[in-house]
Number of protein chains: 2
Amino acid sequence: MVTIDDIRAAATRIRAFVVRTPLLPALWADAERPLWIKPESLQSIGAFKVRGAFNAIGNLDESVRTRGVVAYSSGNHAQAVAYAAAVYGIPAHIVMPKETPAVKVDATRDHGAEVVLCEAGQRERVAAEVVEETGGVLVPPFDHPDIIAGQGTIGLEIAEDMPSVENVLVPVSGGGLASGVGSAVKALCPQARVFGVEPELAADTAEGLEKGRRVDWSIEDRNRTIADGLRSQPSELTFAHLQQVLDGVITVSDSEIRDAVRELALKAHLVSEPSGAVALAAYRQGRTPPGRTVMVLSGGNIEPRALIDILG
Amino acid sequence: MVTIDDIRAAATRIRAFVVRTPLLPALWADAERPLWIKPESLQSIGAFKVRGAFNAIGNLDESVRTRGVVAYSSGNHAQAVAYAAAVYGIPAHIVMPKETPAVKVDATRDHGAEVVLCEAGQRERVAAEVVEETGGVLVPPFDHPDIIAGQGTIGLEIAEDMPSVENVLVPVSGGGLASGVGSAVKALCPQARVFGVEPELAADTAEGLEKGRRVDWSIEDRNRTIADGLRSQPSELTFAHLQQVLDGVITVSDSEIRDAVRELALKAHLVSEPSGAVALAAYRQGRTPPGRTVMVLSGGNIEPRALIDILG
């Protein structure tokens, strides 16, 4: 299991490369549940994923690192690994499904990565082939202690900036972010409750934690939600962390997610992607306990048309 | 003239009440002019004005402060003074023109301030009457050393976070922000150039600095620009600072301002008001010198319809 020492080491390793995001007070929130936003949408690639990517790549032996890295992702992890590899001056191969929007493929190439397009559902297999061919190291999106520790630096910063925090709301998908944030917060602020947040339409973790074991939702089911960054499921490693550090999982509807995106833009002046706004959607349900609450806004990479549609 | 010591004292005075905003790297900017954004839109009321308001109110003798404060503003200064007064637990009277949008009047009242509506062009006279009646202290929007020093804390933070900064771009209207930022940057980073940015349609400071004296543009002329927070003109005090600290003023068209608002939303994930985006509009003209560039994004309080219109 990832420890607070791992997370502190990650913080030192990534400090020069990531934005230390502030806690932003939301004056428009409920008086008895004062709210602060941790805006990871302000990282250079628009999402928290740079933290795990820089920690994983930074923690490689230099002789290994110079062979380059490989990742599979259609989303923010692709850009995070591509960007971190560029900063380290090493090659990156990113495997993306053919149906990935061109804007995301281009953004990944703009960081200097080589994009390998593959058939839907084949990306893990193709990534393994690329590892075999290039000798590069696979940087997984969440199923690795270095990724969990890197994302955990968000929790470390929350604990440093607000030791008296009482509730933390964090999105759950593959579980790297929630595992890391929860591990840091529980270690440093044992009084705090940590709630994961999931779309109702991809609520495998809510069901799994209730049953005490991982459950499998079909990818067709999970693909229904507007929150396209929250369609993964925990691994054994992340699920074990979530069982240990989460006080519960709150599920939110797609309609609630849209309202949260709108509120973040108009009241907090922050552009969020649907996946990034779920913690506010959970807060707005009004059922979290009273007390000082921090929500993690995990990313801001939304398509312009989707943003206009939600604001209109 | 406001000194770096005044600005350091202001920083200490307001530390507990304002967000220490980070410098956000803009990876999408020109390689030879790397760009960082100082996002003051993330202050609790959505604009930098809280810095000056907290410094001015915090620097009053307590016996004076308890009598309350008075301000005139239809914009961000109104909310800043109302919010700072609420935090200090003192009464606030805010004089606003009758034509102020209801949303801004309501936001000011939500902080507990008493709003006094007045005829257009009468707000300074009415504010003086309210001072007479209530014994409160007038907190001017820019024409005061404590306001300049408070806004100057932005420049202090830029210098702390990036001592090697080479260009700073900052909006100019009444000149409190540019005076303060310029004073701090010039004191701590003498190698840096500081450029004011104005709408072409309200470019009295560009003209005035060229002529070496303040010039007066009619309010009808200045009201033409979409940048409704940049329609004021410097006072003698701020103009004297601007003459000393600015290396030039760049003017931008309303069309360029709209493009900048759009780019900030879609690439930096930051919602800005037109006035808040002018520094990016200036940067996008491509005529500032090479080198590490910081732009001040001064505020994010844009009407939802205007934001949708600009994004669409």
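Below, chains carry the letters A, B, ... as their sequence lines are ordered, and counting in each starts from 1.
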Portion of B:Leu27 that has a non-hydrogen atom of chain A nearer than 4.5 angstrom: side chain
Can you check whether B:Leu311 reaches A:Leu311 side chain to side chain, under 4.5 Å on heavy atoms? yes
Interatomic distance, CG@A:Leu270 vs OG@B:Ser41, rounded to 0.5 Å, equals 7.5 Å
Given B:Thr21, B:Leu23, B:Ile45, B:Val19, the one with more heavy-atom pairs under 4.5 angstrom with chain A than any other is B:Val19
Residue part contacting chain B, namely of A:Leu307, when any heavy atom lies under 4.5 Å: side chain
For B:Ala268, is it the side chain, the backbone, both or neither that has a heavy atom under 4.5 Å from a heavy atom of chain A? backbone
Taking all non-hydrogen atoms of both residues, which atom of B:Gly300 and which atom of A:His269 are closest, and how far apart? O-CD2, 2.8 Å
Comparing B:Ile37, B:Leu264, B:Leu42, B:Asp110 against chain A, the one with the most heavy-atom pairs below 4.5 Å turns out to be B:Leu42
At a heavy-atom separation under 4.5 Å, does B:Asn301 approach chain A through its side chain, its backbone, both, or neither? both
Does any backbone or side-chain atom of B:Ile302 lie under 4.5 Å from a heavy atom of chain A? Answer side chain, backbone, both or neither. neither
Tell me, side chain or backbone of B:Leu266 under 4.5 Å from chain A's heavy atoms, or both, or neither? side chain
